[in-house]
Protein chains: 2
Amino acid sequence: MNLPPLTQSFVLHFGEMGSHWGINRTVGQIYALLYVSPKPLNADDIVEAIGCSRSNTSMALKELQAWRLVKLQHLPGDRREYFSTPDDVWAIFKTLAEERQKREVEPTLTMLRGAILERPGSEEERHAQARMKEMYQLIELVTKWFADIRDMDVETLQRLMKLGAQVQKVLQFTQSLGRLAGRDGAKEE
Amino acid sequence: MNLPPLTQSFVLHFGEMGSHWGINRTVGQIYALLYVSPKPLNADDIVEAIGCSRSNTSMALKELQAWRLVKLQHLPGDRREYFSTPDDVWAIFKTLAEERQKREVEPTLTMLRGAILERPGSEEERHAQARMKEMYQLIELVTKWFADIRDMDVETLQRLMKLGAQVQKVLQFTQSLGRLAGRDGAKEE
DNA sequence: TCCAATTTTCAGTAATTTCTGAAAGTTTGA
DNA sequence: TCAAACTTTCAGAAATTACTGAAAATTGGA
């Protein structure tokens with residue numbers, strides 16, 4: 001690996017964190033490299049920079065594309081494929097949230113939905129099912145909320161985030177307004 | 001493994017998803033088993049139910065305790081250690097968010113903070129550093145916001161989540177109120 | 001203090017995942 | 001249609017991670 005020191009520590013860090021994030025070292029390193037690169041890179045540039053095999057690079061790029069975290073482009077007069085990451089960090093963040101939702105949450109929701117519909121065969125199973133239902137309802141609520149959040153435009157989202165916990169005050173305020181007007185600010189359960 | 005069918009599919013699912021979630025199969029299975037169990041279980045109960053070795057169980061329980069996802073207790077007149085998961089699914093969710101923050105985000109923030117303070121050695125490094133700063137600012141904003149959210153009481157949180165995207169309207173409304181009164185609802189950058 | 005019950009550690013083995021190099025496949029332009 | 005440039009696939013090697021059984025350590029009561 002032959003990179004300027006700042007880039008190198010960034011790339012190495014992403015490689016190491018990869019396992020915590022559900023990707024492998026090479027995938028993490030390549031993503032990091034592309035993220036800080038001022039211009040798109042081709043597979044050989046990456047091999048050169050990271051020091052992994054050409055085939056490993058190919059696999060890793062495929063995975064990054066499956067995650068929609070890198071985009072492929074062609075430069076005029078060059079047959080090779082060039083890769084880069086989206087510029088907008090908010091877009092990246094939203095993509096990541098969507099993909100993790102799909103891979104890490106959706107399958108569990110599906111399983112829980114199925115389990116909740118079964119007829120419990122015993123008192124033990126009845127209890128288990130009730131617990132699964134609690135989990136299901138929580139995940140579903142959080143999931144829907146995340147989706148709402150994701151679909152906001154970045155301006156609004158940033159405003160909301162900077163507001164932070166103060167949103168409570170706003171909520172309480174509008175709720176008392178609602179009560180005055182004879183309806184509730186949030187839809188009821 | 002000898003469990004009622006509903007519990008069994010729940011336990012097996014958590015085992016399989018484990019790798020996506022950064023825990024191993026046994027850890028996932030044991031968590032699932034304890035989550036649906038109507039009463040605390042000791043290590044031998046777990047070995048019996050899951051069909052793994054006693055030592056593996058010991059390791060897995062240690063990891064679950066490190067995640068603060070299971071609690072240990074003693075039953076009167078029994079020397080063995082009994083384990084259970086917290087009842088409140090919201091508390092579980094908050095714990096999970098805190099631990100993931102600590103393990104998966106904090107180290108990266110630390111690395112980025114360091115990298116941003118360095119003096120760039122070239123134009124390339126200057127660009128890389130600017131990108132890292134973008135990433136840092138986004139992660140920091142989201143992190144702080146998550147912490148605010150986590151610290152809300154469950155009532156408020158549920159209300160906020162059910163409100164979903166409608167919070168935009170509330171935000172716009174209070175902002176125009178703020179403008180009328182000559183100040184902004186959110187603190188400025 | 002000693003013993004029996006219980007838990008933890010650890011070295012070795014098994015299973016899984018990652019990585020590589022060689023070969024096969026694809027694409028583009030002459 | 002051919003050949004050069006480039007990309008992908010895949011079988012096996014290397015590295016990592018998970019698991020086991022035996023032994024050591026700990027704990028609580030007699």
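No experiment lies behind these values; they were computed from the predicted model shown. Heavy atoms only: backbone and side chains are in, while hydrogens, waters and symmetry mates are out. Throughout, a chain's letter reflects where its sequence line sits, starting with A, and its residues are numbered from 1.
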(message) So, does Asn24(B) get its side chain near the phosphate of dT17(D), meaning an N or O under 4.0 Å from OP1 or OP2?
(response) no

(message) Less than 4.0 angstrom from a charged side-chain N to a carboxylate O is my criterion; do Glu104(B) and Arg100(A) meet it?
(response) yes

(message) Is it the case that the side chain of Ser53(A) and the backbone of Asn56(A) share a donor-acceptor pair, with hydrogens and angles ignored and the cut-off at 3.5 Å?
(response) yes

(message) Check this for me: Glu99(B), atom CD, are more than 12 non-hydrogen atoms of other residues, nucleotides or ligands nearer than 6.0 Å?
(response) yes

(message) Measure CD1/Ile30(B) against C1'/dT7(C) and give the value in whole Å, please.
(response) 14 Å

(message) Check the phosphate of dT18(C) against Arg25(A), side-chain N and O only, distance under 4.0 Å to OP1 or OP2. Yes or no?
(response) no

(request) For DNA chain D, find the residues of residues 31-58 of chain B with a heavy-atom distance under 4.0 Å and give them by number; none if there aren't any. (result) Cys52(B), Ser53(B), Ser55(B), Asn56(B)

(message) In this structure, how many angstroms lie between the C1' atom of dT18(C) and the CD atom of Glu63(A), rounded?
(response) 11 Å

(request) Would you indicate what Thr26(B) reaches in the nucleic acid, counting non-hydrogen atoms under 4.0 angstrom: base, sugar-phosphate, or nothing? (result) sugar-phosphate

(message) If you define the side chain from C-beta out and look only at heavy atoms, does anything of Asn42(B) sit under 4.5 Å from Ile46(B)?
(response) no

(message) Output the rounded distance in Å from CE (Met59(A)) to C1' (dG21(C)).
(response) 13 Å

(message) Does a side-chain N or O of Lys62(A) approach OP1 or OP2 of dT9(D) to a distance below 4.0 Å, or not?
(response) yes

(message) More than 12 heavy atoms of other residues, nucleotides or ligands under 6.0 Å from CD of Glu140(B): yes or no?
(response) yes

(message) Please determine whether a side-chain nitrogen of the Lys or Arg among Arg68(A) and Glu98(A) lies less than 4.0 Å from a carboxylate oxygen of the Asp or Glu.
(response) yes

(request) Determine whether more than 12 heavy atoms belonging to other residues, nucleotides or ligands lie under 6.0 Å from atom CG of Asp78(B). (result) yes

(message) Base, sugar-phosphate or nothing for Arg79(A)? Non-hydrogen atoms, less than 4.0 Å.
(response) base

(request) Could you check how far CG of Asp78(B) sits from P of dT27(D), rounded to whole Å? (result) 17 Å

(request) Give the rounded distance in Å between these two atoms: CG of Leu72(B) and P of dT6(C). (result) 15 Å

(message) In whole Å, I'd like the distance from the CG atom of Leu61(A) to the P atom of dC6(D).
(response) 16 Å

